[in-house]
Amino acid sequence: AQSVTQLGSHVSVSEGALVLLRCNYSSSVPPYLFWYVQYPNQGLQLLLKYTSAATLVKGINGFEAEFKKSETSFHLTKPSAHMSDAAEYFCAVSGNSGYSTLTFGKGTMLLVSP
Amino acid sequence: GAGVSQSPSNKVTEKGKDVELRCDPISGHTALYWYRQSLGQGLEFLIYFQGNSAPDKSGLPSDRFSAERTGGSVSTLTIQRTQQEDSAVYLCASSPGGTGGGDTQYFGPGTRLTVL
């Protein structure tokens, strides 16, 4: 069974500050890991995904995430927050057992203040 | 190109009525997924279609929920005898399919269902 834990339902940062959203996973097989972003009243948009090619994954909008197997973590970072980054962020995991149903974390709402 | 579309965007119904939610996946995508997003439960997998294979229905919460996919394209999620706890946003996603894990899923905007 797979699971994802996102620490912090809400994270607040000032514009220009570092963004760090935490994600830990549990998987019995080498996982595929994803970060999605959801803006109000919209669907989910893929930010980035890890598929074992490289442990540091760069995504859209200046976000990146590092896969750390020893810590079972896949934290999302951005050096400098922008007001437009305010949204809800979801970490998700899928296995490699033949299909790719996603198991999501509970989500973290990122609040950016001027 | 066109993304995943869903209709209606909003649906308000009375308890006990049946509802149908529609999903049009990205053309050429063989895999289609339904998820439910609610305040209490977060994002939950409901059902998965891959090509002509039998669907994975393991996430359906009760036998009031069913889904079909016609011609390997459009999918309809049906909820019979709706209950207030069915109120949620229903998200559809599609992916190219056939590659096992790691397939990127592209999500539609969702249908917000409110059961009065």
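Side chains included, hydrogens not; waters and symmetry mates left out as well; all remaining heavy atoms used. Per chain, numbering begins at 1; letters A, B, ... match sequence-line order.
By the neighbour-count criterion of 12 heavy atoms within 6.0 Å, atom CG of B/Leu39 is sparsely surrounded, having that number or fewer from other residues, nucleotides or ligands.
Expressed to the nearest 0.5 Å, how far CZ of B/Phe45 lies from CG of A/Leu102 amounts to 10.0 Å.
Side-chain contact check for B/Leu43 versus A/Thr103: every heavy-atom pair is 4.5 Å or farther apart. Using a 4.5 Å cut-off on side-chain heavy atoms (C-beta onward), B/Thr104 and A/Tyr32 make no contact. Proximity of A/Leu44 to B/Tyr35: side-chain heavy atoms (C-beta onward) are nowhere separated by under 4.5 Å.
Heavy-atom proximity under 4.5 angstrom to chain A picks out B/Gln105, B/Phe107, B/Gly108, B/Pro109, B/Arg112 from residues 105-116 of chain B.
Cluster annotation: A/Trp35 is connected to A/Val11 through the hydrophobic network of ILVMFWY side chains, with a link wherever side-chain heavy atoms come within less than 4.5 Å. No continuous path of hydrophobic side-chain contacts links B/Leu21 to B/Tyr48 [ILVMFWY only; heavy atoms under 4.5 Å]. Hydrophobic clustering places A/Leu47 together with A/Met83 (ILVMFWY residues linked when any side-chain heavy atoms are closer than 4.5 Å, directly or through intermediates). Hydrophobic clustering (side-chain heavy atoms under 4.5 Å, transitive across Ile, Leu, Val, Met, Phe, Trp, Tyr) keeps B/Val4 apart from B/Val89. When hydrophobic clusters are built by joining Ile, Leu, Val, Met, Phe, Trp and Tyr residues whose side-chain heavy atoms come closer than 4.5 Å, directly or via intermediates, A/Tyr89 is grouped together with A/Val93.
For the set A/Gln42, A/Lys106, A/Lys49, the entry with the most heavy-atom pairs within less than 4.5 Å of chain B is A/Lys49.
With a 4.5 Å cut-off on non-hydrogen atoms, A/Phe90 touches chain B through its side chain but not through its backbone. Proximity to chain A (any heavy atom under 4.5 Å) is shown, for B/Gln6, by neither the backbone nor the side chain. In this structure, no portion of A/Gln45 lies under 4.5 Å from any heavy atom of chain B.
Not a single ring-ring contact (aromatic ring centres under 6.0 Å, His included) links B/Phe65 to another residue, sequence neighbours left out.
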